[in-house]
Amino acid sequence: MKFVYQGKTKDVYSLDDGNYLLKFKDDVTGEDGVFDPGANTVGLQIEGAGKAGLRLTKFFFEILREKGIPTHYVSANVDAAEMIVKPAKIFGHGLEVICRYRAVGSFLRRYGKYAVEGQELDAFVEVTLKDDERQDPPISADALNMLGILSLSEYEELKNLTQQISGIVKDELQKRNIELYDIKLEFGRTENSNDIMLIDEISGGNMRAYKDGVYIEPLELEKLLVAQI
């Protein structure tokens, strides 16, 4: 395999068969040693975070596969912290799509004049540009279309997929009396047909989940979900 790219939480390698290998690391996003799934920088290392993230990702991606939802997932080797995925073309320089069920994080920082912490949100979807230099600015559907990143019809498909996938994750958490506050997803186009599919991961590192009003750390979330399977 050939090294392609070093990401914040994963390294990417190309394989001879045209697929890619993602190597999960113990780095997590945050600031000043505090985990934050919405942060633009690696703030700390948590031992075992890579394998825990992959274990949850494998769990959720296989559920999505059973439900016929398109993803880039092929297979995973949790012991090696490696996942094989299909190639994907990203939108522009990359988008992040957040589905929010409660007001926390950057939503509250932006709209705190009108929202209170923890207030219920109706699966609110927002899209941000992956742009560390500009702090991942939010972008509207009209702006995405105008800039040639995503058409209006593709935006609607992206929004619907985000709410569908987030709802599945939310329901799985609810089975264990865990509440999903928000989740960050990434999407791309398939290489040949340009269909939209879920890429990247679904793990404790890109969501906020609470039990009895108390935030659950990523490694603990993995234990609560996967250990009971």
When you look at Phe124 and Ile98, which way does the side chain to side chain contact (heavy atoms under 4.5 Å, CB included) test go after all the steps?
CA-CA 8 Å; Phe124 171 69; Ile98 302 97; over 6 Å; no
Check whether [X] reaches the backbone of [Y] with its side chain - one donor and one acceptor, N or O, closer than 3.5 Å.
X: Lys211; Y: Arg176; answer: yes
X: Asp200; Y: Glu186; answer: no
X: Asp26; Y: Gly50; answer: yes
X: Gln163; Y: Ala123; answer: yes
X: Asn206; Y: Glu201; answer: yes
X: Asp17; Y: Asn19; answer: yes
X: Glu154; Y: Ser151; answer: yes
X: Lys184; Y: Glu96; answer: no
X: Asn160; Y: Glu156; answer: yes

Would you tabulate the side-chain donor-acceptor contacts of residues 112-121 under 3.5 Å, counting partners in other chains and residues two or more places apart, or write 'none'?
| unit_1 | atom_1 | unit_2 | atom_2 | d |
| --- | --- | --- | --- | --- |
| Gln119 | OE1 | Val116 | N | 3.0 |

Testing the 3.5 Å rule here: is there a donor-acceptor pair between the side chains of Ser193 and Asp195?
yes
Scan side-chain atoms only and decide if Arg100 and Ser106 contain a donor-acceptor pair under the 3.5 Å cut-off.
yes
Looking at every non-hydrogen atom in both residues, tell me the closest pair between [X] and [Y] and how far apart they are.
X: Ala81; Y: Lys51; value: CB-CG, 4.0 Å
X: Ser203; Y: Thr57; value: CB-OG1, 3.9 Å
X: Leu180; Y: Asp182; value: CD1-O, 3.3 Å
X: Tyr13; Y: Phe3; value: CD2-CA, 3.4 Å
X: Pro218; Y: Tyr215; value: CD-OH, 3.8 Å
X: Tyr101; Y: Gly167; value: OH-N, 3.4 Å

So, do [X] and [Y] sit near enough that their side-chain heavy atoms are less than 4.5 Å apart?
X: Pro137; Y: Thr128; value: no
X: Asp136; Y: Leu129; value: no
X: Arg110; Y: Glu126; value: yes
X: Leu225; Y: Phe59; value: yes
X: Phe61; Y: Ile202; value: yes
X: Arg208; Y: Val104; value: yes
X: Phe187; Y: Leu161; value: yes
X: Leu158; Y: Val125; value: no

Determine, for [X] against [Y], whether the closest basic-nitrogen to carboxylate-oxygen distance falls under 4.0 angstrom.
X: Lys170; Y: Glu179; value: no
X: Lys8; Y: Asp132; value: yes
X: Lys25; Y: Asp11; value: yes

Are [Y] and [X] co-members of a hydrophobic cluster defined by side-chain heavy atoms under 4.5 Å apart?
X: Phe60; Y: Met197; value: no
X: Ile90; Y: Ile196; value: no
X: Val4; Y: Met83; value: yes
X: Phe24; Y: Ile84; value: no
X: Leu56; Y: Ile199; value: no

Begin with the C-alpha distance, continue with both residues' side-chain angles, and end with the deciding distance and a verdict on side chain to side chain contact (heavy atoms under 4.5 Å, CB included) for Lys86 and Val74.
CA-CA 7 Å; Lys86 293 176 285 190; Val74 176; 3.7 Å; yes
Sort out for me which residue in Arg65, Lys58, Glu62 forms a side-chain hydrogen bond (donor to acceptor under 3.5 Å, both in side chains) with Tyr73.
Glu62
Kindly determine whether His72 and Leu22 satisfy side chain to side chain contact (heavy atoms under 4.5 Å, CB included), including the steps that lead there.
CA-CA 11 Å; His72 70 164; Leu22 307 184; 4.1 Å; yes
So CD of Glu220 and CD1 of Ile178: to nearest 0.5 Å the spacing works out to 8.5 Å
Mark yes when over 12 heavy atoms from residues, nucleotides or ligands other than Asn194 sit less than 6.0 Å from its CG; otherwise mark no.
yes
Residue Lys2 excluded, over 12 heavy atoms near NZ under 6.0 Å
no
Option among Val12, Leu15, Asp16 that satisfies the side-chain contact (heavy atoms from CB on, under 4.5 Å) test with Met1
Leu15
Could you give me the CA-CA distance, side-chain angles and deciding distance for Ile183 and Ile165, then say whether side chain to side chain contact (heavy atoms under 4.5 Å, CB included) is met?
CA-CA 10 Å; Ile183 183 168; Ile165 293 165; 5.9 Å; no
Validation row, ring centre Tyr181 to ring centre Tyr210 under 6.0 Å
yes
